[in-house]
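Everything on this sheet refers to the single structure shown next.
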Amino acid sequence: MNSDTLVKEAIIKDVKNIVSAEQVVTDYETLYDASSDRYRKYMKAKRVLDNPLPTAVVYPNNAEEVKELLMYCNDNDINVIPRSGQTATEGGLENWKDLALVIDGSHMNKILKIDPYNMQATVQAGVPLQALEDELRKIGYTTGHSPQSKPIAQYGGLVATRSIGQFSTLYGGIEDMVVGLECVFPNGHISRIKNISRRAGGPDIRHIVIGNEGTLCYITEVTVKIFKYYPDNNKFFGYLVNDVEDGVKVLREVMVNGYRPSVARTYSPEDARQHFYHFYEGKCVLIFMAEGPEGIVEATGKGIEEAVEKFSDGIVKQVDSQLIENWFNQLNWTQQTIDDEIQGMIENDKHDGYTTEVSADWETITKIYNNVIDRIRNEFPRAEDLTMLGGHSSHSYLNGTNMYFVYNYEINCEPEDEMKIYHHPIQAIIVEETLKLGGSMCHHHGIGKYRNEWTKEEHQSAYYMLESLKETFDPKGVMSFGNIYPVQEGLKYQK
């Protein structure tokens, strides 16, 4: 038995003394699954991952157990991978250390309080988003949060990754929904940010936690806003438009005029083909959904129609609203969706493609889009292998919008080379063009481990603030090694 094995066995023994033995899982299949997330999904499915397995997966039952586990890891220089939901897409759950504990919050799964009078709900970190949504729907309310991972995502992960949902243009991102929270730092300190509608007591310290991607602390409890639910009032709008820029002009007009549809999207023809193949006619697709009280829906619908009329030169035709509604009803993942995708990768040597999402102001977003598409088509060495290259804008604000770049390709290489030959070069072009024009390289998926080489360029002079948070709250660097902050040891996986 080698020294590494002895050290790992000693860690497992110690951890079983902190929590019960039943809360510690060490079988190979569990550790292999926990060693990576959806970022290197094809390599994972093909069983060729080259990063270390974690030492164990641990399932704490409460904040006190999280505290004891973090203190133990901090004292013994063991990497901590906070996990809650396991739907990460940017390598945030991937392990890059020989000694690591995945601390999974799914056993902390109690809905603690639903408070309709104060319009908020408090949950433990392991509560699935869908579970809270289902309970709220019974009494006429909604979370307003609907990422594609909604059926399986959990609140700790949603907050840690600064997630956003499909209805964000109306309800906002998770950062707009979080009222208060509880989190644990690696030194064992438990912080509780109280549930207050607004305060001016210094900087908004919620944002130290929201979006920290597990690099600073472990989230154990969250309080979020809830909203009244008016499903009978929903209205859908769909249009075929000439190009992405025409669609973005309509999105901007709706937003700057003060309307807030829950959904506002425009798709390139390539991206539209995979979603709206039965009616897109080779054109871009522009869609909206208005929801809320009847008066607001009527006013929003009128605002959408006025914006479409103003830019009618770019509109090809209107689409039957039922087609748009039907599409929305089939949009979310389920665990079966993920399982089927994995099986398809194993059997067919292909996958469903990747996305890289960025954001910018209105005048810049289409410049980024056009520059990226042009560079990939003309500079990417494997451009002939691309089977789809396009994008869509799906989250808009008063002063700008996002762009999802979506791409797929024939995999003409060994599974272990796929990311370096295909995905990484494409993503690099997207990030480079976005930063060159002053946009953000990540709109909501987060930095994870595979965009961290650009973190300093993303934040520029403000990186001082981000770096100082890490030095203060995780001085020994045991939390989510490689996430957000660039590390030399990660280059062998990135390049």
Review point. How about Asp385 and Asn412: does a side-chain donor come under 3.5 Å of a side-chain acceptor?
Key: yes
Review point. Do Thr364 and Asp361 have a side chain donor and acceptor closer than 3.5 Å?
Key: yes
Point to revise | Side chain Tyr422, main chain Asn408, donor-acceptor under 3.5 Å | key: no
Point to revise | Asp417 side chain to Ile421 backbone, donor-acceptor under 3.5 Å | key: no
Practice item. For the pair Glu418 and Tyr409, evaluate side-chain hydrogen bond (donor to acceptor under 3.5 Å, both in side chains) and give the outcome as yes or no after the intermediate values. Key: CA-CA 10 Å; Glu418 179 237 347; Tyr409 39 78; 2.6 Å; yes
Exercise for review: Look at the side chain of Tyr485 and the backbone N and O of Gly477, then say whether any donor-acceptor pair between them is shorter than 3.5 Å.
Suggested key: no
**Study point:** Partner set under side-chain hydrogen bond (donor to acceptor under 3.5 Å, both in side chains) for Gln494, not counting sequence neighbours
**Key:** Asn452
Review point. Using 4.0 Å as the upper bound for N to carboxylate O, is an ion pair formed by Glu357 and Arg451?
Key: yes
Practice item. Would you please classify the geometry between the Tyr28 ring and the Tyr32 ring as parallel, tilted or perpendicular, with 30° and 60° separating the classes? Key: parallel
**Study point:** Donor-acceptor pair, side chain of Ser359 and main chain of Asn402, under 3.5 angstrom
**Key:** no
Check your understanding: Is it the case that Tyr72 and Asp14 place a side-chain donor and acceptor less than 3.5 Å from each other?
Key -> yes
Review point. Between Lys41 and Glu341, is the closest basic N to carboxylate O distance under 4.0 Å?
Key: yes
Review point. Side chains of Tyr463 and Glu458: donor-acceptor distance under 3.5 Å anywhere?
Key: no
Exercise for review: Measure the OH-CG distance between Tyr397 and Leu251 for me, rounded to the nearest 0.5 Å.
Suggested key: 12.5 Å
Practice item. Flag the pair Glu90 and Arg162 as a salt bridge only when some basic side-chain nitrogen lies within less than 4.0 angstrom of an acidic carboxylate oxygen. Key: no
Study note, to complete from the structure: In short, Ala160 meets Ile219 closest at the heavy-atom pair N-CD1, 3.7 Å
Review point. Just checking, is any N or O donor in the side chain of Glu65 or Gln23 under 3.5 Å from an acceptor N or O on the other one?
Key: yes
Review point. Quick one: CD on Glu416 to CZ on Arg40, what's the gap to the nearest 0.5 Å?
Key: 11.0 Å
Practice item. Compute whether any side-chain donor of one residue and acceptor of the other, for Thr401 and Ser393, lie under 3.5 angstrom apart. Key: yes
Review point. Relative to each other, are the rings of Trp327 and Tyr267 parallel, tilted or perpendicular (30° and 60° limits)?
Key: perpendicular
Practice item. Among His443, His392, His275, find the residue that satisfies the ring-ring contact (aromatic ring centres under 6.0 Å, His included) test when tested with Tyr404. Key: His392
Check your understanding: Any salt bridge between Lys449 and Asp37, counting N to O under 4.0 Å?
Key -> no
Exercise for review: For the residue pair Thr366 and Glu245, confirm or rule out a side-chain donor-acceptor distance under 3.5 Å.
Suggested key: no
Practice item. Could you tell me whether Arg206 and Glu175 make a salt bridge, using a distance below 4.0 angstrom between a side-chain N and a carboxylate O? Key: no
Practice item. Taking the six-membered ring for Trp and the single ring otherwise, decide whether the centroids of Tyr450 and His423 are under 6.0 Å apart. Key: no
Exercise for review: Just do the side chain to side chain contact (heavy atoms under 4.5 Å, CB included) check on Glu94 and Ile81 with the steps written out, would you?
Suggested key: CA-CA 8 Å; Glu94 189 169 305; Ile81 302 174; over 6 Å; no
Check your understanding: Are Ser168 and His444 linked by a side-chain donor-acceptor pair shorter than 3.5 Å?
Key -> no
Practice item. May I ask you to say whether Lys470 pairs ionically with Glu213, meaning some side-chain N is under 4.0 Å from a carboxylate O? Key: no
Practice item. List the steps, then state whether side-chain hydrogen bond (donor to acceptor under 3.5 Å, both in side chains) holds for Glu221 with Tyr155. Key: CA-CA 8 Å; Glu221 184 183 302; Tyr155 266 95; over 6 Å; no
Check your understanding: To the nearest 0.5 Å, how far apart are OH in Tyr218 and SG in Cys73?
Key -> 11.5 Å
Review point. Okay, side chain of Glu410, backbone of Leu386: is any donor-acceptor separation there less than 3.5 Å?
Key: no
